[in-house]
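Below: the structure, in structure tokens.
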2 protein chains.
Amino acid sequence: MARWEPDARGRLQQAALDLFAEQGFETTSVAQIAERAGVTERTYFRHHADKREVLFAGSEDLEELVVAGVRGAADGVSHLEALVGAFASAQDFFDERRAFVVARHQVLAASRELRERELAKLAALAAALAAALRARGATPVTASLLGDVGVAVFATAFESWVVDGGSLAAQVRDVARELAQAIHDDTSVGER
Amino acid sequence: MARWEPDARGRLQQAALDLFAEQGFETTSVAQIAERAGVTERTYFRHHADKREVLFAGSEDLEELVVAGVRGAADGVSHLEALVGAFASAQDFFDERRAFVVARHQVLAASRELRERELAKLAALAAALAAALRARGATPVTASLLGDVGVAVFATAFESWVVDGGSLAAQVRDVARELAQAIHDDTSVGER
DNA sequence: CGATCGATGTCAGTCACTGCCATCACCTTC
DNA sequence: GAAGGTGATGGCAGTGACTGACATCGATCG
């Protein structure tokens, strides 16, 4: 028999999500999270770098998935299409976890500190995407811009997926179309 | 004669910037900043909400300036052009403070925590721009996307302005052109 | 069976941040 | 011009996030 219950990390994540949802992020202490997970505060900090990070444990997985999607895009595919396809391929990732993802999203929306951390994660994702785009021939500036644009498109699509449900992939495509339209119209107007 | 030296807030900003540059953000304590500014730690927290915020005191001014630029754009001007014009009009704001802005930028670049806060400020700027775009007729989704895109363009242009100097307005326009090109090419390819 | 390892517990300590109350130059009011 | 109000500050105690150092002990390896 194991000396401790297994999966302390997972228990900490669940305890944190529940407590943040019940009573808010700021009014929850790390000691409380640890207690509910059946470990000490010190053990919490061995598994999660700080109080916020516990809600972002899966973010490396998503980043790997989406970056792999860009790297796997065929050569003939445009950069923007590669991004859209990569995000669309993450659909299963979210569908499999919908209840958790939605609950987490509501907790994030309620806390300025947590939203701040989410922005940092999205910025890291954008940087990773930019690197992948450079690897397929985009100039540094274009790659960086498109990385940011891709993340903005995804974030917008994600928002409506949380609210309305449906196909995340389809929503990513719709939002990307709306963006291309907006930029294209602008450019046309500008060239008049 | 005043009971205390005036402009405690400004002294705190200068002391913080200097100390962060000298010895790094993490290894500087708020007590140190307060001491160098000639006040107590308690007074620091009356002027700045937390240890990071001291470097973002002017950010509301920039936001007002750029938002006013969008609101002041003529009706016939496209949304993207309105954004580009608004950021270009902030050129003086940056030129007047170049030494401070560049030093601050280097401090930000060296600290993960400070970069995180900067992302939050840029997100607030993007949201304010989106509201201004909605006021001139953009749909909510388009406004939000273009807000993010505008900030991404500005951030890229700002980066090269810090490194190379020159005209920030011209760099904003160049980056916006490169973005429109990238999206336009993508869209064309997609329509083939 | 003994040495090592890995995950945890324990404890003391630093530092960011807050609430509460005192102080005191300056200003208003009668 | 004396009494009282105001605003910016100091002082101090307290909470909670986070860290370093060391001890514990079941599991594993040789």
Side-chain angles (χ1 to χ4, degrees), chain A residues 1-57 107-108 110-118 120-121, chain B residues 1-57 107-108 110-118 120-121:
Chain A
M1 175 180 156
R3 187 168 171 201
W4 300 279
E5 292 303 308
D7 195 25
R9 172 174 272 114
R11 292 202 314 279
L12 284 165
Q13 283 179 51
Q14 191 62 53
L17 180 61
D18 293 347
L19 283 166
F20 293 164
E22 288 167 19
Q23 58 187 34
F25 175 78
E26 291 182 9
T27 52
T28 300
S29 73
V30 174
Q32 253 184 306
I33 300 169
E35 186 188 352
R36 183 171 293 198
V39 297
T40 63
E41 194 177 348
R42 193 66 185 85
T43 292
Y44 173 96
F45 285 108
R46 288 201 176 93
H47 287 286
H48 303 288
D50 60 34
K51 186 179 167 187
R52 312 176 189 182
E53 201 64 16
V54 64
L55 289 188
F56 297 87
V107 168
L108 291 194
S111 160
R112 174 176 160 284
E113 285 184 60
L114 289 172
R115 267 181 280 125
E116 192 174 65
R117 176 59 52 83
E118 189 182 39
K121 297 296 182 186
Chain B
M1 173 180 154
R3 188 171 171 197
W4 300 279
E5 292 303 308
D7 194 25
R9 171 173 274 117
R11 291 204 315 278
L12 284 165
Q13 282 178 52
Q14 191 62 53
L17 180 62
D18 292 346
L19 283 166
F20 294 165
E22 287 168 19
Q23 58 186 33
F25 175 79
E26 291 182 8
T27 52
T28 300
S29 72
V30 174
Q32 254 184 305
I33 300 169
E35 186 188 352
R36 184 172 292 197
V39 297
T40 63
E41 195 176 347
R42 192 68 188 84
T43 292
Y44 173 96
F45 285 108
R46 288 202 176 93
H47 287 287
H48 303 288
D50 60 36
K51 187 179 165 187
R52 312 177 189 182
E53 202 64 17
V54 64
L55 289 187
F56 298 88
V107 168
L108 292 193
S111 159
R112 174 175 158 285
E113 285 184 60
L114 288 173
R115 268 180 279 125
E116 192 174 67
R117 178 57 54 83
E118 189 182 39
K121 296 297 181 185

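A note on names: the letters A, B, ... follow the listed sequences, proteins ahead of strands, and every chain is numbered from 1.
- Among the heavy atoms of the strands, none lies under 4.0 Å from A/Thr27.
- The distance between atom CD of B/Glu35 and atom P of D/dG10, rounded to the nearest whole Å, is 12 Å.
- Between the C1' atom of D/dT15 and the CD atom of A/Gln32 lies a distance of 13 Å, rounded to the nearest Å.
- Rounded to an integer number of Å, the gap from B/Phe45 CZ to D/dG11 P is 16 Å.
- Taking 4.0 Å as the cut-off between side-chain N and carboxylate O, B/Lys121 and B/Glu53 count as a salt-bridged pair.
- The side chain of B/Ala8 lies closest to D/dT9 when the candidates are D/dC25, D/dC18, D/dT9.
- With distances taken from any side-chain atom of A/Ser29 to the nucleotides C/dT8, D/dG16, C/dT18, the minimum falls on D/dG16.
- Here B/Gln32 contributes atom CD and B/Glu41 contributes atom CD; the two are 11.0 Å apart, rounded to the nearest 0.5 Å.
- Checking C/dA16, D/dA21, D/dT9 against every side-chain atom of B/Trp4, the shortest atom distance belongs to D/dT9.
- Separating the CD atom of B/Glu41 from the C1' atom of C/dG19 is a distance of 14 Å, rounded to the nearest angstrom.
- Between the CG atom of B/Leu12 and the P atom of D/dT9 there is a distance of 9 Å, given to the nearest Å.
- Counting distance only, with no hydrogens placed and no angle test, the side-chain atoms of A/Arg3 and the base atoms of C/dG9 include no donor-acceptor pair under 3.5 Å.
- For B/Asp50 and D/dC18, the CG to P distance is 13 Å, given to the nearest whole Å.
- Nearest nucleotide to the A/Val39 side chain, out of C/dC20, C/dC17, C/dG9: C/dG9.
- Counting only distance, with no hydrogens or angles, the side chain of A/Tyr44 and the backbone of A/Glu35 share no donor-acceptor pair below 3.5 Å.
- Ranked by how close their nearest DNA chain D nucleotide is to the 5' end, A/Val30 and A/Arg46 are led by A/Val30.
- In this structure, A/Arg11 atom CZ and C/dA7 atom P are separated by 14 Å, rounded to whole Å.
- Residue-level contact check: A/His47 touches the backbone only, with heavy atoms under 4.0 Å from sugar-phosphate atoms and none from bases.
- Of the candidate nucleotides C/dG9, D/dT9, D/dC18, D/dT9 has the atom nearest to the side chain of B/Thr43.
- Ranking D/dC18, D/dG11, C/dC17 by closeness to the B/Thr40 side chain, first place goes to D/dG11.
- Comparing D/dC18, C/dC17, C/dT10 against the side chain of A/Arg42 picks out C/dT10 as the nearest.
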* To do: May I have the step-by-step check of salt bridge (charged side-chain N to carboxylate O under 4.0 Å, His left out) for A/Lys51 and A/Glu113, ending in yes or no?
  => CA-CA 10 Å; A/Lys51 186 179 167 187; A/Glu113 285 184 60; over 6 Å; no

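- Looking only at distances, no side-chain donor or acceptor of A/Arg36 sits under 3.5 Å from a matching main-chain atom of A/Arg11.
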